[in-house]
Amino acid sequence: MNLDAIARKLRAEIERHDDRYYALDAPSVPDAEYDRLFRELQAIEAEHPELVTPDSPTRRVGGRALEMFAPVRHAVPMLSIHTETDTGASGAFVFDAGKRRDLGLSENDPAIEYIAELKFDGLAINLRYEDGVLTRAATRGDGETGEDVTGNVCTVREIPLRLRDLPGQRTPPEVLEVRGEIYMKRADFERFNARAQATGEKTLANPRNAAAGSIRQLDAKSAANRPLSFFAYGLGETRGWPMPATHSGILDALREMGLPVCAERAVLRGPQALADFHARVGKRRSELPFDIDGVVYKVNSLALQQKLGFISREPRWAVAHKYPAEEAVTEVLGIDVQVGRTGALTPVARLAPVSVGGVTVTNATLHNEGEVRRKDVRVGDSVVVYRAGDVIPEVMRVLPEKRPPQAAEFVMPPLCPVCGSRVTRGEDEAVARCGGGLYCPAQRKQALIHFASRRAMDIDGLGEKLVDQLVDLDLLRTPAEIYALTLPTLAGLERVAKKSAANLLAAIEHSKQTTLARFIYALGIRNVGETTAKDLARHFGGLDRLSQADETALTLVASVGPVVAQCLRQFFSEPHNLDVIGQLRAAGVNWPENAGETRAEAGALAGKILVLTGTLPTLSRDQAKALIEAAGGKVSGSVSKKTDYVVVGEEAGSKLDKAKELKLNVIDEARLRGLIETTGSGKKE
Ligand code: IVH
């Protein structure tokens, strides 16, 4: 193909993407891919000006106006900013050096003052206020002519319909055009999509398209249903307004007039401060509640801005430095199925390695079978991968035009890929699960880690890595086998010193003395968390009464509803589970039992409210709480007249002062133990 043909092909492709993007708000390729095409065409045209056509997309600033909205001619053109990608810290130095040169500054002149802002990823909008009242809102369009979207913009609650008066200003400005970005917060976007999915409506590709799509939607009522936000970052036409001398002054004034201005902005001197801002924001990018694609540096002084002027359609006093794209296209090499904590099967796309936002991605979650179906991801597909901050990368969508003809639809395997048990799925559950329970090594590992965890049996040192090794070597199958582990076995493992093996054995031994609540929680019964376990222990008082209770008896317990009751029944009717419990007891795991509910009611602290403060000599806060609860008492976080006892330890703070002030009973750990032991219920916790 000759260059002319390549350029024509690129133009056609860019136009097709433009159409999808601007006219339909449904991008067909990620920005990065689009940028590549655009830059390739720009490069060809720069080298060979004779190939440039008058209607080449490179001639335009932005998209073209949709015909559905009335055109609005901008009194002052809406420009774009010179944008560079992936410049790192050096970008700030290059920009600053350029500005110093442009302004004829020498080494001895002071550093230039800049304002650094975020580059919001939404839809640029011009808000025209006349005598303080919003009279028209328009999109950028091609920079000269935009679209009248006043009706839809009026539904954005953050945008004031009337400006507040500035202090000392008698009348509002005759004309004040505020420019900024309409965007959608990530949380609002996710809520919107969840609802759209539930009602079978079209979901939106990303927050930016959600914002653009909402504003350029003909029906203002449905625009109003979409939660949009706004940040002001500049001005258009102004008349009858005493303009501040700096850009930061303008933003402060806009803020005072009631317009949202992003707080993440800074007036800075010199390039190092800009580079620091770039790095700081880059690190925190994923924590921001909205998407940004970079930072913008602007020369702060309007006088200097004027001196610098414009080049083509870009101001010479501003630059945008984009962060690496968080989207990329790559190929699906395979779809694996992973088994999670509760047996949930998660399809994961194995990808041809690709750099997304500066990190090489080789896997992306597909969540569940329904999600794979909805997105119709197949092995061999080219897909758009998205990664925001530290979250697990996701497959956003498939590029259907690149699908190989033989690509087959994904089906969830009928058998667990780890243990071969049957895969089941509840009627209205999205998630398929391995039915193997503790037989499945993947689930077994999770169950063991949970069993040993701090709030369960509290076996210090038996963490994920060790459990992985022990299960993989088939040295550990059930929680009961933890109590059969020996020093030679443990010390023989990789990266386990003899000393830590001995410590682990001591922790295992120590854990045998426990409470019923901890033991129930440690069993890892589905939907039985710590609170439910405590309630069950308190209600039944003994494990046999609990394991034999029917669903009706179970639902008498405070935090137990029909679903939890069913989970409990299922667990205790599985002979394998009863075997393990028997083995645990045989190995010496024990806890004090009592007659049930009445015990707590009759406990030494029944009905009493206690407050803990300071560090107790031997009990941790969790332990003291459990001890008090086991004796029927309640632990409260704050001291009040209703408090019966305040238990104080070392470095007790204001709670002690308050207790003295209210003349409450102040006791120490020994006194607390004494109180409890009067009914003979002292136990390890
Ligand atoms: S200033 C004369 N500041 O980026 C300069 N623009 O190509 C006018 N944008 O579509 C723009 N955040 O909507 C400016 N803090 C910011 C911005 C920002 C996002 C967008 C703007 C425009 C594009 C510039």
Side-chain angles (χ1 to χ4, degrees), residues 18 21-22 31 34-35 38 58 60-65 74-85 95 99 114-127 137-147 149 153 156 159 177-185 207-209 211-212 215-216 228-238 246-248 250-252 254-255 259-268 274 277-278 281 285 288 290-302 304-306 308-323:
D18 272 352
Y21 186 90
Y22 291 110
D31 284 3
Y34 179 87
D35 287 351
F38 202 88
T58 56
R60 266 201 308 268
V61 174
R64 60 204 110 166
H74 297 300
V76 176
M78 285 182 83
L79 304 173
S80 54
I81 319 180
H82 180 71
T83 302
E84 283 172 30
T85 302
F95 174 64
K99 294 314 107 184
Y114 296 104
I115 175 160
E117 298 171 15
L118 305 183
K119 187 169 189 308
F120 313 108
D121 204 6
L123 179 73
I125 216 92
N126 184 65
L127 306 173
T139 62
R140 188 170 81 166
D142 65 3
E144 302 284 345
T145 307
E147 304 149 330
V149 288
V153 167
V156 179
I159 294 180
E177 286 190 351
V178 178
R179 289 185 175 164
E181 201 88 350
I182 291 195
Y183 67 96
M184 193 182 277
K185 294 193 180 114
R208 189 209 27 235
N209 288 94
I215 287 303
R216 298 166 83 243
L228 296 174
S229 302
F230 176 77
F231 279 135
Y233 55 62
L235 295 178
E237 192 191 4
T238 62
T246 57
H247 186 75
S248 57
I250 292 174
L251 295 185
D252 292 343
L254 294 179
R255 183 80 270 268
L259 285 151
V261 177
C262 183
E264 204 78 41
R265 63 183 194 274
V267 175
L268 305 165
L274 294 179
F277 184 87
H278 183 276
V281 171
R285 185 179 177 191
L288 292 169
F290 46 84
D291 283 352
I292 59 166
D293 54 1
V295 292
V296 178
Y297 311 140
K298 298 172 183 172
V299 172
N300 200 22
S301 150
L302 297 199
L304 289 185
Q305 283 190 6
Q306 205 156 21
L308 286 161
F310 299 87
I311 183 163
S312 59
R313 318 211 46 154
E314 294 165 355
R316 274 162 67 178
W317 43 263
V319 72
H321 284 172
K322 280 218 219 178
Y323 294 109

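Just so you know, ligand 1 is whichever comes first in the structure, and atom 1 is the first atom listed for that ligand.
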Who gets closest to atom 13 (O) of ligand 1 by heavy atom: Gln305, Glu181, Arg179, Glu264?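 Among Gln305, Glu181, Arg179, Glu264, the closest heavy atom to atom 13 (O) of ligand 1 belongs to Glu181.
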Considering Tyr233, Phe231, Tyr183, which one's heavy-atom position lies nearest to atom 9 (N) of ligand 1?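 Shortest heavy-atom distance from atom 9 (N) of ligand 1: Tyr233.
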Protein heavy-atom partner closest to atom 3 (N) of ligand 1 - residue, atom, separation in Å: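 Protein heavy atom with the smallest distance to atom 3 (N) of ligand 1: Lys298 NZ, 3.0 Å.
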So which bit of Lys119 gets within less than 4.0 Å of ligand 1, heavy atoms only: side chain, backbone, both or neither?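 Both parts.
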With a 4.0 Å heavy-atom cut-off (strictly under), which part of Met78 contacts ligand 1: side chain, backbone, both or neither?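 No part of Met78 comes within reach of ligand 1.
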Touching ligand 1 at all, Arg140? Heavy atoms, strictly under 4.0 Å?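 It does; at least one heavy atom falls under 4.0 Å.
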Does ligand 1 have an atom that lies less than 4.0 angstrom from a heavy atom of Glu314?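 No, Glu314 has no heavy atom closer than 4.0 Å to ligand 1.
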With heavy atoms of [X] as the reference, note each atom of ligand 1 found under 4.0 Å away.
X: Ala124; value: 10 (O), 13 (O)
X: Ser80; value: 7 (O), 24 (C)
X: Phe120; value: 12 (N), 15 (N), 19 (C)

Pro315 versus ligand 1: do any nitrogen or oxygen atoms come within less than 3.5 Å of each other?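 So ligand 1 has no N or O lying under 3.5 Å from an N or O of Pro315.
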Using distance alone, determine whether Leu118 and ligand 1 share an N or O pair under 3.5 Å.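 Yes, there is a polar N/O contact under 3.5 Å.
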Residue pair Tyr233, Leu254: steps toward the side-chain contact (heavy atoms from CB on, under 4.5 Å) verdict: CA-CA 9 Å; Tyr233 55 62; Leu254 294 179; over 6 Å; no
Residues Asp142 and Arg313 bridged, charged N to O under 4.0 Å: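 Not counted as a salt bridge, because no side-chain N and carboxylate O are separated by less than 4.0 Å.
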